[in-house]
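Taking it in order: structure first as structure tokens, then the write-up.
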Number of protein chains: 2
Amino acid sequence: MDHAEAEARLLDAAEELFYARGVQAVGMDQVREASGVSLKRLYQVFPSKSELVRACLDRRDGRWRARLAAHVEACPAGRERVLAVYDWLYEWFTEPDFRGCAFINAYGELGAVDPAVADAVRAHKRAFHDYLAGLVAAAGGPEHVVAPLVLLAEGAMTAAAISGSPEPARQARLGADQLLAAS
Amino acid sequence: MDHAEAEARLLDAAEELFYARGVQAVGMDQVREASGVSLKRLYQVFPSKSELVRACLDRRDGRWRARLAAHVEACPAGRERVLAVYDWLYEWFTEPDFRGCAFINAYGELGAVDPAVADAVRAHKRAFHDYLAGLVAAAGGPEHVVAPLVLLAEGAMTAAAISGSPEPARQARLGADQLLAAS
DNA sequence: CCGTAGCGAGAACGACCGTTCTCGCGCAAC
DNA sequence: GTTGCGCGAGAACGGTCGTTCTCGCTACGG
């Protein structure tokens, strides 16, 4: 097993565990056990837990936005692409291991204590905002609806996590539909 | 110092510390130091940390909703009362120690690990939803806008926390205004 | 075939955490 | 005045965590 594979297995295991149980509730030994990578090598690849956390967030950010974009871009251009965001949220919320937005969770747990985590969360949210702004602009929608559309999506993530239901995605979509129609 | 005062001082100190730094980042000894209540009495009043956490959430729930209601009910009845919710959010977000919704934070940190926390968070969010639904009904608004209005508020809380700006409250208010107008 | 460099498994270490225990003191009841 | 109970201060305990170290083993270069 070379460096690259060890890194991938560590990120796979750590991301899943951190997301499912929270960062502080997962020990490095559990990451070792789930990944099959020895502790020694773990610390060669990620010199500390907080760097592992950071790497997990970075990778998740890329994958999450790529999945969203893939779904959106399969829809006809224009207004429908904005609404497709909420359809994708519904699919995400329905996944069996869904436990809310990993970035919001990480911010609540570590944002006050680990500035690198706070930075990663801010970057992720800014990227999502910018992406949605691009979709709205392409659809010819007014700029001032972008922020409420983002808040609907953000609120849907936390509401879906807390309630355990994917329904907030539908409700957010309805709200987004009205906001776009009214403009 | 009697039992009641010890309890109040413990809740004051614990709530502030947990909110500012996260629950797991605060040790019982720091609660003792900040409250001036001895460790022995702390454990007489709250037999475990998770019961202390639970009591903090319960008390915060009551106070938070009372503050919101006090602000809302000082406004003229009807539509303005719904929008007053977002004005109050702005005031809240502007407080110097604002760090997001304590319930969302607690859910992200402990929801997967402590079912009592998850229950308290769900109860708080359900109460907020019901309160907003009552305001919308009193304003003659249609029931189907309630859920998006809740999502706007929820999204504003997390966006304000992560961005460090109170602006999401304004944006949520604009979105809510449009939703109410379009119905 | 020998030396050595790197590896995995797991023990070890130091710090901290939640919780309980000890001990000395003040005070209230008889 | 004595006795005993409740208190605060802080030590102690058992466990866990992040991180490092030890120690055989393996595999490869000369």
Side-chain angles (χ1 to χ4, degrees), chain A residues 1-57 105-106 108-117 120, chain B residues 1-57 105-106 108-117 120:
Chain A
M1 173 165 39
D2 62 349
H3 181 98
E5 189 189 337
E7 181 174 332
R9 289 169 71 161
L10 285 168
L11 288 173
D12 286 345
E15 209 184 306
E16 184 176 333
L17 287 170
F18 291 160
Y19 180 60
R21 296 186 223 162
V23 174
Q24 316 206 67
V26 174
M28 294 298 260
D29 220 53
Q30 298 172 60
V31 175
R32 175 199 56 82
E33 188 182 350
S35 65
V37 173
S38 78
L39 220 44
K40 188 175 199 171
R41 208 196 268 253
L42 197 172
Y43 277 96
Q44 284 172 5
V45 180
F46 300 106
S48 74
K49 187 178 187 179
S50 84
E51 301 207 32
L52 173 60
V53 170
R54 174 72 130 127
C56 285
L57 290 177
N105 293 348
E109 185 174 356
L110 300 170
V113 139
D114 188 337
V117 168
Chain B
M1 173 165 39
D2 62 348
H3 180 99
E5 190 189 336
E7 181 175 331
R9 290 169 70 160
L10 285 168
L11 288 174
D12 286 345
E15 209 184 307
E16 185 176 333
L17 287 170
F18 290 160
Y19 181 60
R21 297 187 222 161
V23 173
Q24 315 206 70
V26 173
M28 293 298 260
D29 220 53
Q30 298 172 61
V31 174
R32 175 199 57 82
E33 187 181 351
S35 65
V37 174
S38 77
L39 219 44
K40 188 177 200 172
R41 205 190 263 253
L42 197 172
Y43 277 95
Q44 283 172 7
V45 179
F46 300 106
S48 74
K49 186 177 188 179
S50 82
E51 301 207 32
L52 174 60
V53 171
R54 171 75 126 123
C56 286
L57 290 178
N105 293 348
E109 184 174 357
L110 300 170
V113 137
D114 188 337
V117 168

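Convention: sequence-line order gives letters A, B, ...; per-chain numbering from 1.
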_Atom pair distance, as rounded to whole Å: CD in B:Glu33 and P in C:dG18_ = 14 Å
*Nearest heavy-atom neighbours spanning A:Arg9 and A:Val37*: CB-CG2, 4.2 Å
_Neighbour count >12 (heavy atoms, 6.0 Å) for atom CD, A:Glu33_ = no
*Are A:Arg32 and A:Asp29 ion-paired here, with the side-chain N under 4.0 Å from a carboxylate O?*
yes
_Annotated protein contacts, base or backbone, on nucleotides 7-22 of chain D with a non-hydrogen cut-off under 4.0 Å, one of B, S, - each_ = BB---------SBB-B
*Report yes if the side chains of A:Leu11 and A:Cys56 come closer than 4.5 Å at any heavy-atom pair, otherwise no.*
yes
_Listed partners of B:Glu15 passing side-chain hydrogen bond (donor to acceptor under 3.5 Å, both in side chains), at least two apart_ = B:Arg59, B:Arg60, B:Arg63
